[in-house]
Amino acid sequence: MASLALVAVVLVVGGGTAQADGCYTWNRSLSQGASGEDVRQLQIRLSGYPGYGAVLALDGSFGPATRSALIRFQQAYGLAADGVAGSATYSRIYALQDDDCTPINFSYAELNNCNSTWSGGAVSAATAKANALVSMWKLQAMRHALGDQPIRVTSGFRSVACNNAAGGASNSRHLYGDAVDLGVSPHSLCRLAQQARNHGFNGILGPGYPDHNDHTHVDHRGSRFWSAPSCGI
């Protein structure tokens, strides 16, 4: 009983929300200067709001970049844009995520039609799956910015065998689980490539780049490389 009472006190005194979530529950308000795993979990959900050409570090340290990303998220959803993650922000995030922590409009299965284990790539299965989760949150932000219309995923994680079968490059980011290919849906390939610049993707390849006239590719490579000449990128 004592431990349960302590949890209740933490939930209230921490200034977060007493609402439990099937994926992850924040137990305190977060603002600039905070650090910890709860900050890192917040950063994953904010990874699609870094600003044009930027990438938000998922380092568990709530600095100016995290505050700016949070403000963009709050503005996108009509919340008080104060740069503080509290109950209103958490409630919106809870509404956006499923119990496995994926955003409601994307799934692990959607980002892996290669195998069910996430193994056989260039990194461990756990790392590939974690990378794909970040991709999904970036795509969720992009989807919202595009009027909450569907974004069609045509390829995500690939093992070496799957990548070879697809004719992928030997160093393809798909092997790391952090690349996603997008097809025409309600949005043109150029529209997807152009919008992706605002949502934390270092790699954007699209129409006009060799072998990319039928899809737009986005990824998390270490430095920026954008090339979709037919789209003005």
Side-chain angles (χ1 to χ4, degrees), residues 17 19 21-24 26 30 39-58 65-111 130-156 178-204 206 215-220 226 228 231 233:
T17 175
Q19 175 186 352
D21 185 74
C23 161
Y24 184 86
W26 284 267
L30 296 173
V39 174
R40 193 182 75 85
Q41 290 292 331
L42 177 66
Q43 289 169 329
I44 291 172
R45 278 70 170 178
L46 299 178
S47 59
Y49 292 91
Y52 182 92
V55 177
L56 182 64
L58 310 180
T66 299
R67 182 177 185 275
S68 294
L70 176 55
I71 288 173
R72 293 186 190 96
F73 174 86
Q74 291 169 328
Q75 290 172 333
Y77 284 98
L79 306 176
D82 57 4
V84 176
S87 59
T89 296
Y90 298 143
S91 292
R92 173 49 59 184
I93 291 174
Y94 296 151
L96 286 172
Q97 66 185 16
D98 289 323
D99 286 351
D100 64 355
C101 295
T102 60
I104 55 175
N105 296 115
F106 298 93
S107 68
Y108 283 119
E110 192 175 8
L111 266 74
N131 287 342
L133 180 63
V134 176
S135 293
M136 283 186 267
W137 280 103
K138 293 183 178 186
L139 290 173
Q140 185 70 31
M142 186 168 151
R143 186 184 191 278
H144 184 59
L146 290 171
D148 288 312
Q149 294 180 305
I151 289 177
R152 185 165 67 92
V153 173
T154 61
S155 183
D178 69 8
V180 186
D181 290 345
L182 308 175
V184 173
S185 50
H187 315 291
S188 69
L189 297 179
C190 280
R191 185 73 185 96
L192 293 169
Q194 291 159 354
Q195 189 63 42
R197 297 174 294 181
N198 299 307
H199 300 290
F201 292 107
N202 258 343
I204 303 173
H215 67 282
T216 288
H217 168 103
V218 294
D219 66 48
H220 308 313
W226 295 351
C231 310
I233 298 173

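When a residue number appears, it is its place in the shown sequence, counting from 1.
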Any chance you could lay out the side chain to side chain contact (heavy atoms under 4.5 Å, CB included) test for Leu192 and Met142, step after step, and finish with the verdict?
CA-CA 8 Å; Leu192 293 169; Met142 186 168 151; 3.7 Å; yes
With rounding to the nearest 0.5 Å, note down the distance linking [atom1] in [X] to [atom2] in [Y].
| X | Y | atom1 | atom2 | value |
| --- | --- | --- | --- | --- |
| Ile93 | Cys101 | CD1 | SG | 11.5 Å |
| Asp21 | Asp99 | CG | CG | 6.5 Å |
| Lys138 | Ile44 | NZ | CD1 | 11.0 Å |
| Ser107 | Glu110 | OG | CD | 4.5 Å |
| Ile233 | Thr216 | CD1 | OG1 | 8.0 Å |

How far apart are the closest heavy atoms of [X] and [Y], and which atoms are they?
| X | Y | value |
| --- | --- | --- |
| Leu146 | Gln149 | O-OE1, 3.6 Å |
| Gln75 | Ala81 | CG-CB, 3.7 Å |
| Leu46 | Thr66 | CD1-O, 4.1 Å |
| His199 | Ala141 | CE1-O, 3.7 Å |
| Gln97 | Ile104 | N-CG2, 3.8 Å |
| Ser135 | His220 | OG-NE2, 2.8 Å |

Which residues pass the salt bridge (charged side-chain N to carboxylate O under 4.0 Å, His left out) test with Arg40, sequence neighbours left out?
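Once residues adjacent in sequence are excluded, the partners of Arg40 under the salt bridge (charged side-chain N to carboxylate O under 4.0 Å, His left out) criterion are Glu37.
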Under 3.5 Å, is there a donor-acceptor pair between the side chain of [X] and the main chain of [Y]?
| X | Y | value |
| --- | --- | --- |
| Gln74 | Asp82 | yes |
| Arg45 | Leu42 | no |
| Gln43 | Leu56 | no |
| His215 | Thr154 | no |
| Arg72 | Pro50 | yes |
| Asp98 | Asp100 | no |
| Trp137 | Thr102 | no |
| Arg152 | Leu182 | no |
| Ser185 | Ile151 | no |

Under 4.5 Å between any side-chain heavy atoms of Val134 and Asp178, yes or no?
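The answer is no, as the side chains (C-beta and beyond) never meet within the 4.5 Å cut-off.
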Return the orientation label for the Phe73 and Tyr49 ring planes: parallel under 30°, perpendicular over 60°, tilted otherwise.
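Taking Tyr49 first and then Phe73, their aromatic rings stand perpendicular (interplane angle over 60°).
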Could you label the plane-to-plane angle of the Trp226 and Tyr52 rings as parallel, tilted or perpendicular, counting under 30° as parallel and over 60° as perpendicular?
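Perpendicular, since the angle between the ring planes exceeds 60°.
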Between His187 and Gln195, does a side chain to side chain contact (heavy atoms under 4.5 Å, CB included) hold up when you go through it step by step?
CA-CA 10 Å; His187 315 291; Gln195 189 63 42; over 6 Å; no
Determine whether Trp26 and Thr89 satisfy the following criterion, side chain to side chain contact (heavy atoms under 4.5 Å, CB included), listing intermediate values before the conclusion.
CA-CA 10 Å; Trp26 284 267; Thr89 296; over 6 Å; no
Side chain to side chain contact (heavy atoms under 4.5 Å, CB included) between Asn105 and Leu139: does it pass, once the steps are laid out?
CA-CA 9 Å; Asn105 296 115; Leu139 290 173; over 6 Å; no
Taking atom types as modelled, is there a side-chain donor on Asp181 or His217 under 3.5 Å from an acceptor on the other?
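There is such a pair (donor and acceptor under 3.5 Å, judged by atom type) between the side chains of Asp181 and His217.
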